[in-house]
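A quick write-up on the structure given underneath.
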Amino acid sequence: MPELPEVETVRRGLEPVMQGARFMGVEQRRADLRFAFPEGFAGRLEGRRVVSLGRRAKYLLADLDDGMVLICHLGMSGSFRIETAGDGSLTPGIFHQARSKDDRHDHVVFDMEGPAGRARVIYNDPRRFGYMDLVARAALAEHAWFRGLGVEPTGNSLDPADLAKRLIGKTAPLKAALLDQRIIAGLGNIYVCEAMWRAELSPLKPAGRLVGKTGRPREALVRLTEAIRAVISEAIAAGGSSLRDHIRTDGTLGYFQHGFSVYDREGKACPRPGCGDTVRRIVQGGRSTFYCPRCQKN
DNA sequence: CTCACATCCTGGATGC
DNA sequence: TGCATCCAGGATGTGA
C-alpha cells in the first residue's frame, strides 16, 4: 500500500479542499472496510469543520472543530480522488450526477465546502484493506493503532542514537526490523529495500549488529539513518511511487518508481557504478526483498 | 523474542 | 479466448 511518501502525497493533495472545509454530506456505502466503521460515522462528521489535515506514519489525520480526529489508513489499495466542476463553482446538483463508470470500490464520499469552494472527496479501495476511525484527539496517543508506534523517518525525528536504543540486542534481520512499525513508523517494503541498498547493508544482517557494545550507533547505522531520510524525502518530492494502486488525488501518478535502484528490479543490473552484479529477490517473512548481493554483503 | 504462515480482499500479469 | 495460478505497497494474530 501506500507507504509514508504516498500517504504524504495524498495529504498534500487533499489539503487544499479539506483544510478549513466543512463536511456538508457524508455517504458511507458499506458497513466496513477492513474493520467496521465506528458507530454513527457519517452523522458525526456532518457539519464539522476540518481544522487541519495531518499525517502520522501511514495514517491521515483530520482534526475536527469538535476535538475529534478522523483517522484514515489506505491499506494496500486505498486512494482518494477529488471531483469538482473544474471551475471550483460546484452547485449541490453536480453531486447527484451519475457516478463514474467503475464506482464499485468507492466506499466513502465526503462532500466538502470550504475556502476553496466545494469539492467531493471520494475514498476508493478495491481490496478494502484500508480502515477509518473517529476518536477524540486527546485519546489518540492511546489508540491501539498509535500506541507503541515508532519514530517518524522524516526530518530530525530519526536520530542514530535513538535508533540504536531501539535496535540494541535485536537478532531479527535488518529487513524485518525496518518494516516493524514499532521501531520506525511509515516505512514499507519499497523504501526499506531502497534504503538498505543506499546504505550498502545486507537485509539479512541481524539488526542489533548496527549497535556497538556501548550502545552507541555504529557508522553503518548513521549511514542507514541518512539513507532512510534521503529516500523518503526524495520520494515525497516525486509524489510517491505509482506501481499498481497509488494514484494522486488529482489522478496523476507519482514518479519515484523510475528512481528505484533495486525494488522490483530482479535480474537487472545493480545501478551502482562499477558494481556489475545483478539485483536478486529473496523472500523474508513472506515479503519480497530486493538487494544487490555484492554491494550489500555486510 | 523471533519466525513462518495464514488471513482480510480484488485485480493484474503470466502461463498453459 | 478462457482458465488457473501467483503476486501485490499492510497489519494482525496464531502457533512453533
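Letters A, B, ... mirror the listed sequences (proteins, then strands); counts begin at 1. Values reported hereafter were calculated over all heavy atoms of this structure, with side chains retained and with hydrogens, waters and symmetry mates removed.
- Between A:I183 atom CD1 and C:dA11 atom P there is a gap of 14 Å when expressed in whole angstrom units.
- No contact: A:Y191 has no heavy atom under 4.0 Å from any strand.
- At a threshold of 4.0 angstrom between heavy atoms, the contacts of A:Y131 are confined to the sugar-phosphate backbone, with no base atom among them.
- Nucleotide B:dG11 holds its P atom 18 Å from the CG atom of A:L243, rounded to whole Å.
- At whole-Å resolution of the value, CG in A:D133 and C1' in C:dA11 are 16 Å apart.
- For the pair A:E6 CD and C:dA8 P, the computed distance is 16 Å after rounding to whole Å.
- A:Y131 pairs in a ring-ring contact (aromatic ring centres under 6.0 Å, His included) with only one of the listed residues (A:H107, A:H73, A:H143), which is A:H73.
- Rounded to whole Å, the C1' atom of B:dC9 lies 23 Å from the corresponding atom of C:dG2.
- For the C1' atom pair drawn from B:dC8 and C:dC3, the interatomic distance equals 25 Å after rounding to whole Å.
- A cation-pi contact links A:R272 to A:W197, judged by a cut-off of 6.0 Å to the six-membered ring centre and 45° from its axis.
- Checking B:dT2, C:dA11, C:dG10 against the side-chain heavy atoms of A:Q181 singles out C:dA11 as nearest.
- For A:H73 and C:dG10, the shortest distance from a side-chain N or O to OP1 or OP2 is not below 4.0 Å.
- Salt bridge present: A:E266 and A:R281 bring a charged side-chain N and a carboxylate O closer than 4.0 Å.
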Could you go through nucleotides 5-9 of chain B and list every protein N or O atom that sits under 3.5 Å from one of its N or O atoms, giving the distance for each pair?
{"from": "B:dC9", "atom 1": "O2", "to": "A:R127", "atom 2": "NE", "distance (Å)": "3.0"}

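- C:dG10 atom P lies 10 Å from atom CG of A:L187, rounded to whole Å.
- With sequence neighbours excluded, the residues satisfying side chain to side chain donor-acceptor pair (under 3.5 Å) with A:D32 are A:R30.
- Between A:F110 and A:Y123, the distance separating the two ring centers is not shorter than 6.0 angstrom.
- Contact annotation: A:S288 reaches the phosphate of C:dA8 (side-chain N/O to OP1 or OP2, under 4.0 Å).
- A salt bridge is defined here as a Lys NZ or Arg NE, NH1 or NH2 lying under 4.0 Å from an Asp or Glu carboxylate O, and A:E113 with A:R22 fails to meet this definition.
- Going from atom CG of A:L74 over to atom P of B:dT10 covers 18 Å, rounded to whole Å.
- Residue A:K170 places its side chain closer to B:dT2 than to any other of C:dG10, B:dT2, B:dG11.
- One atom, CD of A:E3, and another, P of C:dA11, lie 9 Å apart when rounded to the nearest Å.
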Map every base of DNA chain C to its dot-bracket character, where paired means a Watson-Crick or G-U wobble contact with both distances under 3.5 Å and | marks a partner outside the strand.
.|||||||.|||||||

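- Screening A:E6, A:E234, A:E3 for a side chain to side chain donor-acceptor pair (under 3.5 Å) with A:Y191, the sole residue that qualifies is A:E6.
- At the heavy-atom level, A:R182 lies nowhere under 4.0 Å from the strands shown.
- In this structure, A:Q284 places its CD atom 13 Å from P of C:dA8, rounding to the nearest Å.
- For the pair A:R118 and A:D111, the salt-bridge criterion is not met [side-chain N within less than 4.0 Å of a carboxylate O].
- Backbone-only contact: A:P173 has heavy atoms under 4.0 Å from sugar-phosphate atoms and none from a base.
- The separation of B:dA4 from C:dA8, taken at their P atoms, amounts to 16 Å, rounded to a whole angstrom.
- A:I236 and A:L53 end up in different hydrophobic clusters when Ile, Leu, Val, Met, Phe, Trp and Tyr side chains are linked at under 4.5 Å.
- Each of C:dA8, B:dT2, C:dG10 was ranked by its minimum atom distance to the side chain of A:T171; first place goes to B:dT2.
- With respect to the salt-bridge test (charged N to carboxylate O, under 4.0 angstrom), the residues A:E200 and A:R198 do not qualify.
- Between A:E8 and A:R12 there is a salt bridge, since a side-chain N of the basic residue sits under 4.0 Å from a carboxylate O of the acidic one.
- The listed nucleotides are B:dC3, B:dG11, C:dG10; the one nearest the side chain of A:R287 is C:dG10.
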